[in-house]
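Because the structure is a prediction, the values reported are computed rather than measured. Letters A, B, ... mirror the listed sequences (proteins, then strands); counts begin at 1.
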2 protein chains.
Amino acid sequence: MTTQLEPDICEDVCIHEQLVEKVKKELPRAEQMMELSNLFKALGDFTRIRILEALLSSELCVCDLVSVLDMNQSAVSHQLRVLRSSKIVKFRKEGKNVYYSLDDNHISQLINQGLNHVLESR
Amino acid sequence: MTTQLEPDICEDVCIHEQLVEKVKKELPRAEQMMELSNLFKALGDFTRIRILEALLSSELCVCDLVSVLDMNQSAVSHQLRVLRSSKIVKFRKEGKNVYYSLDDNHISQLINQGLNHVLESR
DNA sequence: AATACGCATGAATAGTTGTTCATATATTAA
DNA sequence: TTAATATATGAACAACTATTCATGCGTATT
């Protein structure tokens with residue numbers, strides 16, 4: 001019964017309908033985009049970036065990080081928690097100390113590439 | 001006058017003093033780390049990631065994005081503003097429409113690498 | 001000139017986030 | 001056991017952010 005000769009029935013909409021459909025199909029799954037935005041969100045903080053840049057040099061215990069960042073220990077621990085829960089850093093316990101390091105080198109690549117962008121775009 | 005035989009005078013501190021000094025020296029300048037965290041912060045939002053993933057497929061005008069994201073136009077414009085001010089997207093005007101696209105391919109590399117991380121780390 | 005349309009923007013608001021303070025936990029030393 | 005040290009964590013608060021609503025601005029159409 002319904003005639004579907006032309007893809008757009010209404011000519012006057014601004015939307016590029018078929019392009020929009022194509023783009024929609026090429027989008028990653030919402031869940032993956034959510035994870036991606038959460039990853040970037042975890043990287044998107046000055047304190048956490050400093051922690052990660054420090055860990056790029058070396059595995060460090062919490063009090064080392066406190067000293068490098070010149071911040072109070074509680075603040076550092078809270079940010080380490082964020083990084084842990086996003087699986088950006090890993091840690092090992094040794095006596096009273098906890099040593100943190102980058103979880104894998106995907107992360108260091110991301111950070112380095114981001115830094116390159118920042119350095120080159122000036 | 002001052003004798004500096006041992007690097008750490010106090011043995012009992014938890015801090016690895018010389019390592020901390022080395023790490024401090026290797027840190028990028030604070031301003032650059034600030035820019036880097038701001039870049040990641042701009043990428044760290046679900047709506048903005050969806051915008052960017054869409055623009056990865058094609059240049060799009062605002063109303064296309066509104067349709068792809070199924071959000072109201074004002075919200076999309078506000079987020080585009082964030083992306084513009086971080087130089088993540090660029091735009092061109094054509095009549096009543098404004099077409100947005102990714103600013104350069106550093107950005108698309110960053111996004112793709114982030115997405116790969118998300119996909120592989122499961 | 002008047003209207004319609006696409007987009008931008010300011011204000012308001014609810015939700016989120018980072019830091020601090022106080023305190024808890026766990027490990028080691030005395 | 002007691003004390004000291006390294007780290008983690010909950011609560012509180014200020015600062016920030018994303019969305020909505022209302023409206024403004026510029027361009028095209030009539």
Give a yes/no on whether any side-chain N or O of A/Y100 is located under 4.0 angstrom from OP1 or OP2 of D/dA8.
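So the side-chain polar atoms of A/Y100 do come within 4.0 Å of the phosphate oxygens OP1 or OP2 of D/dA8, strictly under.
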
For the residue pair B/Y100 / B/R84, report whether a side-chain donor-acceptor contact shorter than 3.5 Å exists.
yes

Filter on ring-ring contact (aromatic ring centres under 6.0 Å, His included), then keep only pairs touching residues 19-51 of chain B, sequence neighbours left out; what's left?
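Listed once each, the pairs are A/F40-B/F40.
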
Test: ring-ring contact (aromatic ring centres under 6.0 Å, His included). Region: residues 63-89 of chain A. Which pairs qualify, not counting sequence neighbours?
none

On a plain distance test, is the side chain of A/Q73 in donor-acceptor contact with the base of D/dA8 below 3.5 Å?
yes

Minimum-distance nucleotide (side-chain atoms of B/L80 versus D/dT20, C/dA8, D/dA8)
C/dA8

The side chain of B/S77 is closest to which nucleotide in this list: C/dC7, D/dA8, C/dT19?
C/dC7

Looking at B/K22, I'd like to know if its NZ atom is crowded, meaning that more than 12 non-hydrogen atoms belonging to other residues, nucleotides or ligands lie closer than 6.0 Å.
yes

Does B/R92 CZ have over 12 foreign heavy atoms under 6.0 Å away?
yes

Residues within residues 46-67 of chain B bordering DNA chain D, heavy-atom distance below 4.0 Å:
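Nucleic-acid contacts, sorted: B/T47, B/R48.
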
Hey, can you tell me if A/H16 and B/Y99 have their rings parallel, tilted or perpendicular (30° and 60° cut-offs)?
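Taking B/Y99 first and then A/H16, their aromatic rings sit tilted (interplane angle of 30° to 60°).
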
Under 3.5 Å, which N/O atoms of the protein pair with N/O atoms of nucleotides 10-16 of chain D?
unit_1, atom_1, unit_2, atom_2, d
D/dG10, O6, A/H78, NE2, 2.8

Output a table of donor-acceptor pairs, distance under 3.5 Å, between side-chain atoms of residues 67-75 of chain A and any protein atom two or more places apart or on a different chain; print 'none' if there are none.
unit_1, atom_1, unit_2, atom_2, d
A/N72, OD1, A/S74, N, 2.8
A/N72, OD1, A/A75, N, 3.0
A/Q73, NE2, A/S77, OG, 3.0

Neighbours of DNA chain C within residues 90-97 of chain A, by heavy-atom distance under 4.0 Å:
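The answer is A/G95, A/K96.
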
